Every structure is written in C-alpha cells, then in structure tokens.
Amino acid sequence: MSNIIRKIIPNSVRGIVNNFFTLIQKQLLVQKMRFKHKKLLEGLKGKKKIKVVFLEIFKGMWKADPVFLKMLNDPYFEPIILVCPCTAYDEILLKSEMNAVYNFFKEKGYPVLSSYIKEEDRWIQLDEIKPDIIFFNIPHNMTRKEYYSNAYMSYLSCYIPYNHDVGVFGGIVNQHNQLFHNAQWVIFTPHQCSYTIYQRFSAAKGRNVVVTGYPPMEPFFCNHDVERKSSWNNFDSRKRVIWAPHHTIDMEYLPFSNFLIYADDMLKLAKKYSNKIFWSFKPHPELKYKLYKHHEWGVKKTDLYYKHWEDSDFSQLDQGEYINLFIESDAMIHDCGSFLAEYMYVKKPVLYMLNINNGSSYYNSFGNKALKACRVGNNKEDIECFIQNLLVKDFFITDEHRIFYETEIFKYFNGTTPSLKIINILKNKIGERQK
C-alpha cells in the first residue's frame, strides 16, 4: 500500500512522505526490538557462561580489544571473533582481506573463525555458533546480511563505534539513526556529545545508548597493558611522523580527504626530509579500494604508491593496529575523522589538513572542539612549515590541545576504564550480579 501511495504523490512532496514512512518504520522497529531483547534476556537466565561473537571486517577498524581481553579473562564470558567479508570487494580482494584479518587475530592468540568455510564452499550461519550477544563496530551495510541485518534483528546486539564520533554528515542518519542503530540492544558511545545526538535524532531517542568513553584508547592510560614491541622500523635519531590520509576521496557529502591533492607532495616532502624524518604511511583501510576504482589511479598506480612507502628507507606502511605507533611517534599529519580526537590522547604535535570544501558544519560540537585544539593546515606550505617547526627542539602541543585533553578526554578514564564499564553494564543488564 505504501508503494502505491508514493507513486501517486507529486515529486515535490515525495521526500517528506518518504521521511514520514521511514520514521514510522524506525519507531515500529524500536518497539519490536524492545520486546525481542526482553525475550532474549529471559533466555539467558541461569546460564553459567555467555557466548559473545565479535563481527569483524577490517583489522584496521578493530576497536574492541580491551573489551575482548577482559572477556577472555572473565569466566562468565566466552568471546570469539568471526571474520566477515566486505561485499564491496571483488572475490579476490574479499578473500585476501579476510585472510589478512583472520591471521591478524590468530597471531594475537585470540579465538577466531572465518565466516567462509572453504572446504564446504559455504558461509557459516550465526546460529551454528550459538551466540548470546554479538558486537558490531561498523554500522554500515558492508557485509552479507547474515552478519548484518539478520544478525542485529535476531540477537542481543551491541555497538562500539569504529570512530570517535566527531563528524556530522548524511543528515545525522548515517552515524546515529539507521535501522541498525535503532535495533541495537546497547550502544556504547565515546562521549556526552554523541549521546545527546542520539537523544535528539535517533528514533530510539538514545534509550539504548550509554556513555562509556572510547575503549581502544585505554592503553594510553594503562601502559602496562600495551605490548611493548616497537611499531617503527627505524632505530636512529630521526623524528617519527605519521601521515594518515582519509578514504573520503570525491565524496561531496563528507569532504574530509585531501589525498588526491597531496599524495605526490607528501612523497616529495618525505624524500626531502628523509635524513631527519622517518615516516609512517597510515592510510584509512578503505582508501586503497577506493583508489583501485578511481579513474586516475587504478590498481597498478595504487599498489606502486603503497609499495613506495612500504619499501623506502625513510618510511613504512601501516595498515593494522596503531596504539604503539601513536605512542612512539613524534607527530602526525592527517585529515581523518576519528584521528582528529584519537591522536589528542598522546599529547603530541598534530597538523590537521582541512579540505577546501570542509567547514565546521561537518563536525559535531565535540569534533569542532578537537579541530580548534589542532594546528590546522590549508596547503602544502603549511605542511612544510609544520615539519620545519617539528625539527626545532621546543615544539609542543597548543594550549587548546592541553585544555581539550583535560576537559573532553581524561574524565572518561578517571577512576575506571570504558571496557570495565561495558563489562559491568552487560552483567547488570543480564542480571548476573543479582543471582
């Protein structure tokens, strides 16, 4: 019936009608999932062990490590990682990425399964694993439906965002009000500003959202938990600088990336200062695939560019975890969303390259505070000036950076950690503590 009504309505008001139907759909979903979650919780009564499945697509977006480790060490939980495919990739790249992600977790000694069973040429079903709770860290539909919509509609689902929630784009819907967000059992959000956005704009009005702080940042406060193996390939006196370009090339609704503008310039600057600076090229996990599809780049040029950073005697390529990389660095140059807040934790100089089409309207209030706390660059000359200042002995973070750290970051880690908050919230909701 709704499709018929849409067809007879003029185009001038169709958008309003579509928004109305979408709102009703989401509100009905919220009510449906509330009853579903209640029934699922009743089914957990008396269970001695809770199986938790973490659905992971990219190793570079793994943000639940502290939570996973705490679950491994808690007899009440049985955590496992399920590696899922990125359906935007072709078959060769899809399987290559899955293998890389699987090996990443295997090398960490974590219990991990691949969603693709090669011997049987089929995809595993979640009910074969029998999860009690599932964790997402990407809200977007980037994988098979059995690991996305079918999953969050069928299980107690939790979401730890893959980013620090600094941006505003897609009319808020993209990051806070998809069907995905409204179907979640619990969303663990990194700061109060994010919670306020959920309250204002999600159909669930933030009733399934809890502010915990950002779990992947815990090692900056608990260094004893950090594996002290060096992340850098140089052991000389050169400064260590990270260049981290975002993936949003040619994306008008989210103009963060400057990669197409500065790709060649960054290589030239890296060579120019190769005797004084050692570089980490830390691209967003999605950048490579988007460059493969770009009409001016393609597979050959992209692979050659990445290889240059990987093999040069003044640089390295980093595509996985980055906590140690940050800790052992001296500075960062980037245009990423989440790193806008994340690099603030290490209290080291940072230059944020602002896209010419990018203004304050693309950041939420938390993101704008982070932006004001950075040194901001607008051209190649600003990058070189930052580099030259870095080579001067007394080059520190800004006063705004220091204030941002003290007022917007530290409070979420003072007294307890986000991961411990998450564990306790889960136990309280399940009712384990009342037994």
Side-chain angles (χ1 to χ4, degrees), residues 164 166 217-224 226 228 230-246 258 262 265-282 309 312-316 318 322-355 363 366-414:
H164 212 300
V166 300
M217 301 294 98
E218 288 180 24
F220 297 128
F221 299 90
C222 311
N223 286 334
H224 59 277
V226 179
R228 292 313 301 167
S230 179
S231 296
W232 290 81
N233 296 339
N234 76 308
F235 300 97
D236 49 41
S237 61
R238 283 179 290 179
K239 295 282 188 180
R240 293 169 168 178
V241 180
I242 303 167
W243 178 42
H246 204 229
N258 295 276
Y262 297 118
D265 290 330
M266 289 303 298
L267 259 183
K268 290 175 183 177
L269 286 170
K271 292 175 183 177
K272 180 177 180 179
Y273 292 94
S274 61
N275 63 328
K276 296 180 180 179
I277 295 177
F278 190 85
W279 296 80
S280 163
F281 177 50
K282 181 73 179 72
W309 285 102
S312 295
D313 59 6
F314 54 80
S315 62
Q316 63 187 49
D318 289 292
Y322 50 84
I323 295 299
N324 282 353
L325 189 76
F326 279 21
I327 290 173
E328 297 167 354
S329 68
D330 293 297
M332 174 185 272
I333 300 169
H334 75 105
D335 55 18
C336 287
S338 192
F339 285 178
L340 179 59
E342 290 182 45
Y343 198 72
M344 291 290 178
Y345 284 75
V346 295
K347 295 185 284 187
K348 296 179 180 180
V350 55
L351 180 70
Y352 187 82
M353 297 304 297
L354 200 62
N355 189 297
Y363 305 93
F366 177 86
N368 271 303
K369 289 177 183 177
L371 185 63
K372 291 176 182 177
C374 291
R375 291 178 171 90
V376 175
N378 297 288
N379 50 52
K380 184 182 76 170
E381 289 71 29
D382 288 341
I383 298 174
E384 187 157 19
C385 181
F386 179 80
I387 292 171
Q388 290 172 349
N389 285 330
L390 182 65
L391 297 174
V392 176
K393 185 176 181 181
D394 297 324
F395 188 54
F396 304 111
I397 63 173
T398 64
D399 290 338
E400 292 81 3
H401 185 156
R402 191 173 294 104
I403 293 169
F404 179 84
Y405 177 88
E406 293 171 355
T407 60
E408 303 295 333
I409 291 176
F410 183 71
K411 62 183 177 181
Y412 296 113
F413 298 83
N414 188 18

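One-based numbering along the sequence shown. Keep in mind that what you see is a predicted model, and the values were worked out from it rather than measured.
Taking 4.5 Å as the limit, some side-chain heavy atom of Glu342 sits within range of a side-chain heavy atom of Met217. Counting heavy atoms from C-beta outward, Ser312 and Trp279 have side chains that stay 4.5 Å or more apart. For the pair Asn258 and His246, the minimum side-chain heavy-atom distance is 4.5 Å or more. Taking 4.5 Å as the limit, some side-chain heavy atom of His164 sits within range of a side-chain heavy atom of Phe366. Residues Leu354 and Leu371 have side chains in contact (heavy-atom distance under 4.5 Å, counting atoms from C-beta outward). Residues Gln316 and Phe278 are in side-chain contact: their nearest non-hydrogen atoms beyond the backbone lie under 4.5 Å apart.
Here the shortest heavy-atom pairing between Ile333 and Ile383 reads CD1-CG2, 3.9 Å. The heavy-atom pair separating Phe220 from Ile327 by the smallest distance is CE2-CG1, 3.5 Å. Taking each heavy atom of Met344 and Ala370 in turn, the nearest pair found is CE-O, 3.3 Å. Scanning all heavy atoms of the two residues, the minimum distance from Pro349 to Tyr343 falls at O-CE2, 3.6 Å. In terms of heavy-atom proximity, His334 sits nearest to Leu340 at CE1-N, 3.4 Å. Nearest heavy-atom pair, Gln388 versus Tyr273, reported as atom, atom and distance to 0.1 Å: NE2-OH, 3.2 Å.
Under the 3.5 Å distance criterion, the side-chain polar atoms of Asn414 are left unmatched by any main-chain donor or acceptor of Phe410. Between the side chain of Glu328 and the main chain of Ser231, a donor-acceptor pair closer than 3.5 Å is present. Side-chain N or O atoms of Asp335 include none that pairs as donor or acceptor with a backbone N or O of Met353 at under 3.5 Å. Checking side-chain atoms of Lys380 against main-chain N and O of Met266 turns up no donor-acceptor pair under 3.5 Å.
The aromatic rings of Phe386 and Phe395 sit perpendicular to each other, their planes meeting at more than 60°, with 30° as the lower class boundary.
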Going by atom type alone, with no hydrogens or angles, which donor-acceptor pairs under 3.5 Å involve a side-chain atom of residues 234-245 and a protein atom two or more places apart or on another chain?
from   : atom 1 : to     : atom 2 : distance (Å)
Asn234 : OD1    : Arg240 : NE     : 2.9
Asn234 : ND2    : Asp236 : OD1    : 3.0
Asp236 : OD1    : Arg238 : N      : 3.1
Asp236 : OD1    : Arg238 : NE     : 3.3
Asp236 : OD2    : Arg238 : NE     : 3.0
Asp236 : OD2    : Arg238 : NH2    : 2.9
Arg238 : NH1    : Ser274 : O      : 2.9
Arg238 : NH1    : Asp313 : O      : 3.3
Arg238 : NH2    : Asp313 : O      : 3.4
Arg240 : NH2    : Asn234 : O      : 2.5

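The structure places OG of Ser230 at 9.0 Å from CG of Leu325, a figure rounded to the nearest 0.5 Å. We find the CG-CH2 distance between Asp318 and Trp309 to be 11.5 Å, quoted to the nearest 0.5 Å. To the nearest 0.5 Å, the span separating OG on Ser315 from CG on Leu267 amounts to 7.5 Å. Distance NZ/Lys272 to CD1/Ile387: 8.5 Å, rounded to 0.5 Å.
For Lys347, the NZ atom counts as loosely surrounded, since its 6.0 Å shell holds 12 or fewer non-hydrogen atoms of other residues, nucleotides or ligands.
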Q: Please assess Phe314 against Ile277 for the test side-chain contact (heavy atoms from CB on, under 4.5 Å), listing each intermediate value before the final yes or no.
A: CA-CA 7 Å; Phe314 54 80; Ile277 295 177; over 6 Å; no
Q | Stepwise side-chain contact (heavy atoms from CB on, under 4.5 Å) test for Phe221 and Ile409 | A | CA-CA 11 Å; Phe221 299 90; Ile409 291 176; 4.0 Å; yes
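For the side chain to side chain donor-acceptor pair (under 3.5 Å) test, no residue two or more places apart in sequence or in another chain qualifies with Asn275.
With hydrogens and angles left out, the side-chain atoms of Ser280 and Tyr322 include no donor and acceptor closer than 3.5 Å.
Sorted by first and then second residue, the side chain to side chain donor-acceptor pair (under 3.5 Å) pairs involving residues 396-407 (not counting sequence neighbours) are Asp399-Arg402.
Among the candidates Phe326, Phe413, Tyr412, Phe339, the single residue satisfying the ring pair (Phe, Tyr, Trp, His ring centres under 6.0 Å) test with Tyr345 is Phe413.
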